[in-house]
Student: 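If you scroll down you'll find the structure; I have some questions about it.
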Amino acid sequence: MTDKIEAKVTHRFAASPERVYDAFIDPEMVRKWQESWARLSGTRGEITACEIDPRVGGKFLFADRRDGEEARHWGTFLALERPTKVSFTWIVDPSEEEDPSVVTIIIEPEPDGTGSIVTLYNTMDAEWAEYVPQTEKAWRSMLMGIEETLSGR
């Protein structure tokens, strides 16, 4: 067993927990926020794949073209508990398939009922410790992409 580390980000959404949850598993919504995510993260890549089988054990694949090369992200859903939790393996290279990162997204209603709070945990092998800041930055951009999509911007 290898040592694990965790990247963690939190974001407040004006949208309900149900809408936020759906944004993580609905292929049409995912494609829209991927486009926002690419723009916000500075990659401005063209989305080339958005395949989602939204069930525990179901697979997903996201891909985009960056600087003439395809960047692929894939995994398997580990937990889908509408509207409070989404968890999945997160793989960006075939060498990670035996020991993938695990992303867990917890969605809670705002105490005043005006929206929701998302806390995203990315648990990964400790060998990636120096990448935690850029991993958190990328997840923050992704959450901002979802915010843009949900708000219709």
Side-chain angles (χ1 to χ4, degrees), residues 4-66 70-93 96-97 99-125 128 131-153:
K4 300 291 182 182
I5 58 167
E6 187 174 83
K8 177 183 173 186
V9 296
T10 300
H11 185 83
R12 285 178 159 57
F13 287 90
S16 70
E18 291 81 8
R19 287 193 64 224
V20 173
Y21 176 92
D22 291 345
F24 284 102
I25 64 166
D26 178 89
E28 187 174 320
M29 289 183 74
V30 171
R31 181 175 280 281
K32 287 178 183 175
W33 64 249
Q34 281 184 321
E35 292 168 353
S36 291
W37 180 16
R39 184 179 42 72
L40 291 167
S41 66
T43 62
R44 299 191 184 272
E46 169 198 356
I47 305 304
T48 58
C50 181
E51 301 167 11
I52 300 172
D53 181 6
R55 62 183 174 83
V56 174
K59 309 277 187 208
F60 67 87
L61 166 67
F62 306 147
D64 62 273
R65 187 157 311 285
R66 301 175 191 177
E70 189 174 56
R72 299 168 64 87
H73 305 84
W74 67 95
T76 302
F77 288 106
L78 303 172
L80 292 168
E81 301 169 16
R82 188 173 196 267
T84 61
K85 182 178 181 181
V86 177
S87 183
F88 48 86
T89 60
W90 182 252
I91 304 166
V92 297
D93 186 88
E96 299 172 351
E97 289 196 353
D99 186 24
S101 295
V102 173
V103 175
T104 301
I105 300 158
I106 304 298
I107 307 164
E108 301 173 292
E110 282 273 14
D112 64 4
T114 60
S116 53
I117 302 168
V118 167
T119 305
L120 183 148
Y121 304 89
N122 185 346
T123 305
M124 62 190 105
D125 195 280
W128 302 108
Y131 294 96
V132 168
Q134 78 184 56
T135 299
E136 290 174 340
K137 180 180 178 184
W139 287 122
R140 274 192 285 283
S141 292
M142 186 265 303
L143 294 172
M144 290 299 300
I146 292 172
E147 178 75 41
E148 272 193 6
T149 299
L150 291 174
S151 68
R153 287 184 267 159

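It should be emphasised that the depicted structure is a prediction, and the values quoted were computed from it without experimental measurement.
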Student: A side-chain contact here means heavy atoms from C-beta on lying under 4.5 Å apart; do R19 and D22 qualify?
Tutor: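 Sidechains of D22 and R19: no contact.
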Student: Out of curiosity, I47 CD1 to W33 CH2, how far, rounded to the nearest 0.5 Å?
Tutor: 9.0 Å
Student: Give me the atom names and distance for the closest heavy-atom approach of M29 to T149.
Tutor: O-CG2, 4.2 Å
Student: Decide yes or no on side-chain contact (heavy atoms from CB on, under 4.5 Å) for V9 and Y121, but give the supporting numbers first.
Tutor: CA-CA 7 Å; V9 296; Y121 304 89; over 6 Å; no
Student: What is the distance from atom OG1 of T48 to atom CZ of R72, rounded to the nearest 0.5 Å?
Tutor: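 If I round to the nearest 0.5 Å, the distance is 7.5 Å.
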Student: List the steps, then state whether side-chain contact (heavy atoms from CB on, under 4.5 Å) holds for W139 with V103.
Tutor: CA-CA 10 Å; W139 287 122; V103 175; 3.6 Å; yes
Student: In terms of side-chain heavy atoms, does E97 have a donor or acceptor partner in W74 at a distance below 3.5 Å?
Tutor: yes
Student: Measure the spacing between CE of M142 and OG of S36 and express it to the nearest 0.5 Å.
Tutor: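 Answer rounded to 0.5 Å: 12.0 Å.
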Student: Identify the two heavy atoms, one from H73 and one from V92, that lie closest to each other, and give their separation to 0.1 Å.
Tutor: CD2-CG1, 3.2 Å
Student: Show your working on side-chain contact (heavy atoms from CB on, under 4.5 Å) between T10 and I117 and close with a plain yes or no.
Tutor: CA-CA 7 Å; T10 300; I117 302 168; 3.7 Å; yes
Student: Give the minimum heavy-atom separation between P27 and C50, together with the two atoms involved.
Tutor: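 Where P27 meets C50 most closely, the heavy atoms are O-SG, 3.5 Å.
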Student: With side chains defined as the heavy atoms from C-beta onward, is the minimum distance between L120 and T104 less than 4.5 Å?
Tutor: no
Student: Could you check if a side-chain atom of V56 sits within less than 4.5 angstrom of a side-chain atom of L78, using non-hydrogen atoms only?
Tutor: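 Side-chain contact under 4.5 Å: no.
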Student: Do T119 and K8 touch side chain to side chain, with heavy atoms closer than 4.5 Å?
Tutor: yes
Student: Of all heavy-atom pairs between P83 and I107, which one has the smallest distance, and what is that distance?
Tutor: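 Taking every non-hydrogen atom into account, O-CB, 3.3 Å.
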Student: I'd like to know whether T76 forms a side-chain contact (heavy atoms from CB on, under 4.5 Å) with F88, so could you lay out the CA-CA distance, the side-chain angles of the two residues, the decisive distance to 0.1 Å, and finally the verdict.
Tutor: CA-CA 5 Å; T76 302; F88 48 86; over 6 Å; no
Student: The criterion is side chain to side chain contact (heavy atoms under 4.5 Å, CB included); which residues satisfy it with S101, sequence neighbours excluded?
Tutor: W90, N122, M124
Student: If you define the side chain from C-beta out and look only at heavy atoms, does anything of D64 sit under 4.5 Å from E70?
Tutor: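 A side-chain contact is absent here, since even the closest heavy-atom pair is not under 4.5 Å.
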Student: Is there a side-chain contact between M144 and R140, using heavy atoms and a 4.5 Å cut-off?
Tutor: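 When only atoms from C-beta onward are counted, R140 and M144 do not touch, as no gap falls below 4.5 Å.
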Student: Heavy-atom count around R82 CZ within 6.0 Å, excluding the residue itself: above 12?
Tutor: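 Yes, CZ of R82 has more than 12 neighbouring heavy atoms, counting only those of other groups under 6.0 Å.
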Student: When rounded to the nearest 0.5 angstrom, what is the spacing between NZ in K32 and CD in E148?
Tutor: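 These two atoms lie 13.0 Å from each other.
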Student: Salt bridge or not for K4 and D99, using N-O below 4.0 Å?
Tutor: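 Yes.
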Student: Is F77 close to I25 at the side-chain level, that is, under 4.5 Å between some pair of heavy atoms?
Tutor: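 When only atoms from C-beta onward are counted, F77 and I25 do touch, with a gap below 4.5 Å.
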Student: Determine the minimum heavy-atom distance between A23 and V30, stating which atoms define it.
Tutor: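 Closest approach of A23 to V30, heavy atoms only: O-CG2, 3.3 Å.
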Student: For R12, is there an ion pair with E110 - N to carboxylate O distance below 4.0 angstrom?
Tutor: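 A salt bridge links E110 with R12.
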Student: Within the structure provided, determine whether F60 and E51 are in side-chain contact (heavy-atom separation under 4.5 Å).
Tutor: no
Student: What pair of heavy atoms forms the shortest contact from A15 to S116, and how long is it?
Tutor: O-OG, 2.9 Å
Student: Can you tell me how the ring of H11 sits relative to the ring of F13, calling it parallel under 30°, perpendicular over 60° and tilted otherwise?
Tutor: perpendicular
Student: Enter the distance from I105:CD1 to T84:OG1 here, rounded to the nearest 0.5 Å.
Tutor: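 Going from the CD1 atom of I105 to the OG1 atom of T84 covers 11.5 Å.
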